[in-house]
Engineer: 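Please see the structure below; I have some questions.
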Amino acid sequence: MIGVGTHIVECVRIARLIERHGEQFLHRVYSLKEIQYCQTCSASLQQFAAHWAAKEAVLKSLGMRRFRGLQWRDIEIQPISAGQFRVRCHGGMKEMVADLGVDKILVSLAHSRNYATAVAVSLRETS
């Protein structure tokens, strides 16, 4: 295991960002697949917040505090099956993860009406 990260966010915080910045915010933070997935969920706002929390948790699991030269969309949270997600890295994040020797990032998301949370675990496979 390389690292563990967790994050919690108030759903209203993400709602305000979406309300204030609209499509510009969504396309800056989320991939097209993430937007489509979240919009199809009955609790779409909570899903957007949970995806935000997951991206933050991934950063923490890698020992990173903030992006430097990276984009939020470089971390993509993809549904696998009901309630299960996987992390896909793109662009600069993909290179950074490879440089750190990370082979896999596990992620778990949860939300209530008011809060969304996520946990991420970065792993290196051993030979």
Engineer: For a quick test of reading the model, state the closest non-hydrogen atom pair linking Ala53 to Ala116 and the distance between them.
Structural biologist: CB-O, 4.1 Å

Engineer: Please say which of Arg73, Glu95, Glu76 ends up in a side chain to side chain donor-acceptor pair (under 3.5 Å) with His90.
Structural biologist: Glu76

Engineer: Taking only residues two or more places apart in sequence or in another chain, which ones pass ring pair (Phe, Tyr, Trp, His ring centres under 6.0 Å) with Phe85?
Structural biologist: Tyr37, His51

Engineer: Apply the test side chain to side chain contact (heavy atoms under 4.5 Å, CB included) to residues Ile2 and Leu62: give CA-CA distance (whole Å), side-chain angles for both, the deciding distance (0.1 Å), then the verdict.
Structural biologist: CA-CA 7 Å; Ile2 292 175; Leu62 298 169; 5.5 Å; no

Engineer: Work out which heavy atom in Ile77 is nearest to a heavy atom in Glu34; give both atom names and the distance.
Structural biologist: N-OE2, 2.7 Å

Engineer: Can you confirm whether more than 12 heavy atoms, excluding those of Tyr115, are under 6.0 Å from its OH atom?
Structural biologist: no

Engineer: Answer yes or no: is there a donor N or O on one side and an acceptor on the other, between the side chain of Arg86 and the main chain of Lys104, under 3.5 Å?
Structural biologist: no

Engineer: Run the numbers on Lys55 and Trp72 for side chain to side chain contact (heavy atoms under 4.5 Å, CB included), then give the verdict.
Structural biologist: CA-CA 8 Å; Lys55 291 171 187 257; Trp72 282 106; 3.9 Å; yes

Engineer: Can you measure from CZ (Arg88) to NZ (Lys94) and round to the nearest 0.5 angstrom?
Structural biologist: 7.0 Å

Engineer: Same hydrophobic cluster for Val119 and Leu106, using side-chain heavy-atom links shorter than 4.5 Å among ILVMFWY?
Structural biologist: yes

Engineer: Could you list the donor-acceptor pairs under 3.5 angstrom formed by side chains in residues 3-11, with sequence neighbours left out?
Structural biologist:
from, atom 1, to, atom 2, distance (Å)
Thr6, OG1, Ala118, O, 3.1
His7, ND1, Lys60, NZ, 2.9

Engineer: Applying a strict under-4.5 Å side-chain criterion to I, L, V, M, F, W and Y, I'd like to know whether Phe48 and Leu17 cluster together.
Structural biologist: yes

Engineer: Is any side-chain heavy atom of Ser61 closer than 4.5 Å to one of Val121?
Structural biologist: no

Engineer: Could you check if a side-chain atom of Met93 sits within less than 4.5 angstrom of a side-chain atom of Met64, using non-hydrogen atoms only?
Structural biologist: yes

Engineer: What pair of heavy atoms forms the shortest contact from Leu70 to Gly92, and how long is it?
Structural biologist: CD2-C, 3.3 Å

Engineer: Tell me the closest heavy-atom pair linking Leu45 and Ile14, and the distance in Å.
Structural biologist: CD1-C, 4.3 Å

Engineer: What distance separates Ile18 CD1 from Trp52 CH2, expressed to the nearest 0.5 Å?
Structural biologist: 10.0 Å

Engineer: What pair of heavy atoms forms the shortest contact from Gly91 to Asp74, and how long is it?
Structural biologist: CA-OD1, 4.1 Å

Engineer: Does any part of the side chain of Cys38, heavy atoms only, come nearer than 4.5 Å to the side chain of Leu26, both counted from C-beta?
Structural biologist: no

Engineer: Taking atom CD of Gln78 as the centre, does the number of heavy atoms from other residues, nucleotides or ligands within less than 6.0 Å exceed 12?
Structural biologist: yes

Engineer: Leu59 and Ile75: side chain to side chain contact (heavy atoms under 4.5 Å, CB included), yes or no, with the steps?
Structural biologist: CA-CA 9 Å; Leu59 286 175; Ile75 301 171; 4.0 Å; yes

Engineer: For the residue pair Phe25 and Tyr30, what are the closest heavy atoms and their distance?
Structural biologist: CE2-CE1, 3.9 Å

